[in-house]
S.K.: 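Can you keep this structure in mind? I'll have questions shortly.
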Amino acid sequence: MKKKFIFCMMFVLSWNAVVSQTKPSSNNSNNKNNMEKLNLNEFTENNPKNTAGKMMTKGDTIKTLIKDDRYFVKERVKNSAFSMVRSYDTSSLAICTEVMLFYGFCTGIGKSYDEKGDVIEEEDYDKDYPFSVEMLIDKCKKEYGIDLSVDMDDFDYMRAKYLSDPNAYNPYSDGYRFVRRYFYIDKYVYDVGISLTPGPICALRRAILIDGSTGEVISDETGPPAYPPGPTGGPK
């Protein structure tokens with residue numbers, strides 16, 4: 001089942017489209033008496049980011065649907081860095097898995113369901129990170145003035161704003177930022193990156209490495225993007 005979660009995460013990372021810390025709701029019960037099924041009829045909009053997919057918008061809630069070996073639905077609140085990804089069986093439309101994402105990595109409790117809609121497996125994606133995602137958001141907001149709960153990935157908007165008035169462009173409020181976490185050298189860490197150049201090409205960024213256990217800042221550097229080598233460099 002773990003492979004299903006990993007595939008789900010990698011699938012979402014391949015999407016280009018992902019001012020609050022609002023999270024999509026998860027299923028808190030381990031027994032779903034009313035089995036959740038996918039309603040394909042609610043997806044009536046074409047997805048401009050992925051022509052093979054469909055979308056549904058209701059207020060600030062955005063759902064994106066795409067079909068592979070299963071149906072995958074990504075639900076998020078507009079501009080939120082949190083999203084819920086659920087997979088559904090293509091025949092019965094019954095829910096198979098669900099997991100919460102923060103930027104590109106899984107967080108919280110991932111769940112797998114059987115054909116009756118009961119939870120058969122859970123995985124705690126935060127077990128190696130006593131310094132939680134919520135604590136990270138609070139730290140970066142207080143110490144750096146960066147609100148990580150807001151996902152800024154609208155490159156066209158950022159570039160247009162920069163070109164209209166370069167002096168008004170503020171990378172900390174307008175610029176692209178991202179968060180990753182992984183095992184690095186001898187500990188689990190958060191990697192907070194802020195692009196200091198406008199547009200989709202991150203030629204210069206500020207990189208803040210934070211201990212996933214204590215919340216202490218390991219390094220805070222500015223330069224071209226640099227990624228940790230080897231198999232431990234990916235999202236965890």
S.K.: Over all heavy atoms of both residues, which pair between Y103 and V150 is shortest? Give the atoms and the distance, please.
M.R.: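 The answer is OH-O, 3.2 Å.
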S.K.: In terms of side-chain geometry, is the basic nitrogen of R86 or E75 positioned less than 4.0 Å from the acidic oxygen of its partner?
M.R.: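 Result for this pair is yes, salt bridge flagged.
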S.K.: Under 3.5 Å, is there a donor-acceptor pair between the side chain of E36 and the main chain of G117?
M.R.: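 A pair under 3.5 Å: no.
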S.K.: Which distance, rounded to the nearest 0.5 Å, do you find between the CD1 of I208 and the CD of E143?
M.R.: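 One finds 9.5 Å between CD1 of I208 and CD of E143.
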S.K.: Ion pair present between K187 and D211, side-chain N to carboxylate O less than 4.0 angstrom?
M.R.: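 Salt bridge between K187 and D211, a charged N being under 4.0 Å from a carboxylate O: yes.
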S.K.: Can Y184 and D191 be said to form a side-chain contact (heavy atoms from CB on, under 4.5 Å), step by step?
M.R.: CA-CA 10 Å; Y184 184 55; D191 180 356; over 6 Å; no
S.K.: Report the C-alpha separation of V189 and I218 in whole Å, then their side-chain angles, then the decisive distance to 0.1 Å, and conclude whether the side-chain contact (heavy atoms from CB on, under 4.5 Å) test is met.
M.R.: CA-CA 9 Å; V189 299; I218 300 171; 3.6 Å; yes
S.K.: Between T97 and S112, is any side-chain donor less than 3.5 angstrom from a side-chain acceptor?
M.R.: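 No donor-acceptor contact under 3.5 Å links the two side chains.
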S.K.: Quick one: closest heavy-atom pair of Y88 and L93, and the distance?
M.R.: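 Heavy atoms of Y88 and L93 come nearest at CD2-O, 3.4 Å.
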S.K.: Can any side-chain N or O of D126 pair as donor or acceptor with the backbone N or O of Y129 at less than 3.5 Å?
M.R.: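 Judged by distance alone, no pair lies under 3.5 Å.
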S.K.: Can you get from L136 to Y188 by hopping between Ile, Leu, Val, Met, Phe, Trp and Tyr side chains that sit under 4.5 Å apart?
M.R.: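 Yes; tracing contacts between hydrophobic side chains, which count when under 4.5 Å, links both residues.
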S.K.: Does a donor on one side chain and an acceptor on the other come within less than 3.5 Å for D118 and Y113?
M.R.: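 Y113 and D118 do not have a side-chain donor-acceptor pair below 3.5 Å.
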S.K.: Closest approach of T107 and R181, non-hydrogen atoms and distance?
M.R.: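 T107 and R181 have their closest heavy atoms at CA-NH2, 3.9 Å.
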S.K.: Honestly, is R180 close enough over Y190, meaning NZ or CZ under 6.0 Å from the six-membered ring centre and within 45° of the axis?
M.R.: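 Judged by the rule (NZ or CZ under 6.0 Å from the ring centre, within 45° of its axis), R180 is not positioned above Y190.
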S.K.: What's the shortest heavy-atom distance between R70 and T90, and which atoms?
M.R.: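 Minimum heavy-atom contact is CA-CG2, 3.6 Å.
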S.K.: How long is the span from the CD atom in E216 to the CG atom in L209, to the nearest 0.5 Å?
M.R.: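 E216 atom CD to L209 atom CG measures 12.5 Å (nearest 0.5 Å).
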S.K.: Using the side-chain contact (heavy atoms from CB on, under 4.5 Å) rule, pick out the option among L38, N39, T44 that qualifies with N41.
M.R.: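 Answer after filtering L38, N39, T44: N39.
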S.K.: Rounded to the nearest 0.5 Å, what separation is found between the CE atom of M100 and the NZ atom of K111?
M.R.: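 If I round to the nearest 0.5 Å, the distance is 10.5 Å.
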S.K.: Which value, rounded to the nearest 0.5 Å, describes the distance between K127 atom NZ and I109 atom CD1?
M.R.: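 The CD1 atom of I109 is 10.5 Å from NZ of K127, to the nearest 0.5 Å.
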S.K.: Which value, rounded to the nearest 0.5 Å, describes the distance between C96 atom SG and Y71 atom OH?
M.R.: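 One finds 12.0 Å between SG of C96 and OH of Y71.
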S.K.: Shortest non-hydrogen contact from M135 to P130?
M.R.: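 Heavy atoms only, the tightest pair is SD-O, 3.9 Å.
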S.K.: For the residue pair L65 and L40, establish whether any side-chain heavy-atom pair is separated by less than 4.5 Å.
M.R.: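 When only atoms from C-beta onward are counted, L40 and L65 do touch, with a gap below 4.5 Å.
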S.K.: Is the closest basic N to carboxylate O distance between K63 and E42 below 4.0 Å?
M.R.: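 Yes, K63 and E42 are salt-bridged.
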S.K.: Any non-hydrogen side-chain atom of F102 less than 4.5 Å from a side-chain atom of I137?
M.R.: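 Yes, side chains in contact.
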S.K.: Do D147 and K142 meet the salt-bridge criterion of a basic N to acidic O distance under 4.0 Å?
M.R.: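 Salt bridge absent between K142 and D147.
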S.K.: If you round to the nearest 0.5 Å, how far is CD1 of I194 from CD1 of I146?
M.R.: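 If I round to the nearest 0.5 Å, the distance is 3.5 Å.
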S.K.: Stepwise, does the side-chain contact (heavy atoms from CB on, under 4.5 Å) test hold for V217 with K139?
M.R.: CA-CA 10 Å; V217 175; K139 177 183 180 70; 3.8 Å; yes
S.K.: Could you walk me through whether T222 and R205 satisfy the side-chain contact (heavy atoms from CB on, under 4.5 Å) test, starting with their C-alpha distance in whole Å, then the side-chain angles of each, then the deciding distance to 0.1 Å, before giving a yes or no?
M.R.: CA-CA 6 Å; T222 299; R205 75 156 181 158; over 6 Å; no
S.K.: Mind listing the closest non-hydrogen atom pair of A94 and K37 along with its distance?
M.R.: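 The answer is CA-CG, 4.2 Å.
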